[in-house]
Amino acid sequence: MMSLKFIPLRKCSAKTIVGAILILVVVRQLANYMLSHVERDDQQNALAKHHRGMAPPKYDSSNRYKIQKYLVASEAITWNQVKSEDVTITTHSTLSKLHHLPALVERWNAPVSVSVLTDDVPTLLSTIANLRRCFPPIKQYASFHVVMPANTRDNTGESDETELKVPCSMVLDLTENLADLNMTKLDAYYPSSLLLNVAVVESTTDYIFALDIDMVPSGELEQSFKAFMTRREEDQYMNNPTVFIVPDFDLHDDYVSMAPKYKSELLGLLKENYVKPSVSFIDYNQWREFKSTSSLYLEVAFEMKGQNPWQAFFIASRNIPKFDEAIHSVNNSDINSVRSCHICELHVAGYQFGVMDSAFVLHKGFKKTNNLERSMELNQMHLKKYGVKLRELYPQSPRSCT
């Protein structure tokens, strides 16, 4: 049998050992550098391929606006990581309102589809690039579509890699102070219905959650809703067309940076008047007093009727009737009438309204009373006109809105 012989190693000096360690460190850093650049090149190639593959902008039905879908796609979209069972937040914005996006996306942590109204596409691209660089969840989950006045120069193919890199500590303040499109100068209303529809149509998931960009949802809501849908396959809400209403509240400015994640936290702030129920057709007292059967699971607390609609925020199939683009808003901060008419149509079309027991969304700041009164007047005016149209669209429906 062959015996093994160990050859004694030559003694190494401390200087030699240190030199060897330094060489290993340099080699490792070089390898990491090369790998990171390969990954970045792959990402840039994917983005370049995306831009080359973009279809030219299309006009809306009024021919007043051009629409460019997926001006910038999320990494989740680019790398086919979005699943059909995920839930996409669909929202709308102007340039200056994009400063609200980080709080929304970071809380949601799932796909977000944003349609932006602007005639300054290069500034939009630069803003998106800074937001993606400074807030990784936006890069991962948010996709951007742009709605432009019809006479806007076609520069949607310009790269978002050439942006002026703003220090991350300044990005939100600078974004908030960007100049928005002057709708008065254009003699036009804010095309809220068009923007909402673009965000919904370009989502890729079975369910969407239609929100305003300055809102924050409760914690883990996307995961809870997916689990709810899995458990409720035989439920009445699965066998009938249903939208799942998520109660909305106004949050005091002092607590915007500490937005509550759970119902227990919300109820505590409600007692201290740091949170107020929004004006809605939801029965907030019933929601507040509802005793959930489990603290771990989301469920429908009760059903609401839609005959006296007001704006509401909901999770629903992306195939629900779209927002009526003939209905506009005065500005991007007041689209109550658009949402109210949509709720009215869903009611007339036969949908149920299930109010979720522990889910909620928060508006940043309390609403001003005079703005609220004006919104209610506009709401009643639009509903009266829209009711006539709905009788023509759904002649067999026994339902109506009052």
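Quick note: residue numbers are just sequence positions, from 1.
Here ring pair (Phe, Tyr, Trp, His ring centres under 6.0 Å) pairs that include residues 93-143, with residues two or more places apart or in two chains, are Trp108-Phe209. Among residue pairs with one or both ends in residues 246-255, those qualifying as salt bridge (charged side-chain N to carboxylate O under 4.0 Å, His left out) are Asp250-Lys367; sequence neighbours excluded. Legend: disulfide bond (SG atoms under 2.5 Å apart) pairs involving residues 82-131, not counting sequence neighbours: none detected. Pairs of residues two or more places apart, or lying in two chains, that qualify as ring pair (Phe, Tyr, Trp, His ring centres under 6.0 Å) and include a residue from residues 248-279 are Phe249-Tyr284, Phe249-Trp287, His252-Tyr274, His252-Phe366, Tyr255-Tyr274.
When each of Val146, Leu124, Thr152 is tested with Asp119 by the rule side-chain contact (heavy atoms from CB on, under 4.5 Å), just one qualifies, namely Thr152. Of the residues listed (Thr127, Asn177, Asp180), the one engaging Ser96 in a side-chain hydrogen bond (donor to acceptor under 3.5 Å, both in side chains) is Asp180, and it is the only one. Among Leu174, Leu172, Val166, Thr175, the single residue meeting the side-chain contact (heavy atoms from CB on, under 4.5 Å) criterion with Asn130 is Val166.
Taking the six-membered ring for Trp and the full ring otherwise, Phe228 and Tyr297 have centroids separated by 6.0 Å or more. The aromatic ring centres of His342 and Tyr386 sit 6.0 Å or more apart.
With sequence neighbours left out, the side chain to side chain donor-acceptor pair (under 3.5 Å) criterion links Arg107 to no other residue. Partners of Ser203 by side chain to side chain donor-acceptor pair (under 3.5 Å), not counting sequence neighbours, listed by chain and number: Arg318. Looking at residues two or more places apart in sequence or on another chain, you find no salt bridge (Lys or Arg N to Asp or Glu O under 4.0 Å) involving Lys322. Partners of Asp86 according to the salt bridge (Lys or Arg N to Asp or Glu O under 4.0 Å) rule, which considers only residues two or more places apart in sequence or in another chain, are Lys226. Among residues two or more places apart in sequence or in another chain, the side chain to side chain donor-acceptor pair (under 3.5 Å) test is passed with Thr88 by Thr205. Judged as a side chain to side chain donor-acceptor pair (under 3.5 Å), and not counting sequence neighbours, the contacts of Ser113 are His145. In this structure, the salt bridge (Lys or Arg N to Asp or Glu O under 4.0 Å) partners of Asp324, at least two apart in sequence or on a different chain, are Lys389. Evaluation of the salt bridge (Lys or Arg N to Asp or Glu O under 4.0 Å) rule for Glu85 yields no partner, not counting sequence neighbours.
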Check against salt bridge (charged side-chain N to carboxylate O under 4.0 Å, His left out), Glu220 and Lys261:
CA-CA 8 Å; Glu220 289 92 43; Lys261 296 181 68 174; 3.5 Å; yes
Kindly indicate, with the supporting measurements, whether the criterion ring-ring contact (aromatic ring centres under 6.0 Å, His included) is fulfilled by Phe290 and Phe302.
CA-CA 9 Å; Phe290 179 81; Phe302 53 90; 7.2 Å; no
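When only modelled atom types and interatomic distance are considered, Glu325 and Ser193 share no side-chain donor-acceptor pair under 3.5 Å.
When all heavy atoms of Phe353 and Tyr351 are compared, the closest pair comes out as CE1-O, 3.8 Å. Here the closest non-hydrogen pair linking Ala150 and Lys66 is O-CE, 3.5 Å. Across every non-hydrogen atom of Pro56 and Gln68, the tightest pair is C-OE1, 3.9 Å.
In this structure a side-chain-to-backbone donor-acceptor pair under 3.5 Å is present from Arg231 to Leu298. Checking side-chain atoms of Thr91 against main-chain N and O of Leu211 turns up a donor-acceptor pair under 3.5 Å. Side chain of Thr118 to main chain of Val121: no donor-acceptor pair is present (N/O by atom type, distance under 3.5 Å, no hydrogens or angles).
By the 4.5 Å heavy-atom criterion applied to side chains, Ile67 and Asp60 are counted as neighbours.
For Met258, the CE atom sits in a packed shell: over 12 heavy atoms of surrounding residues, nucleotides or ligands are nearer than 6.0 Å.
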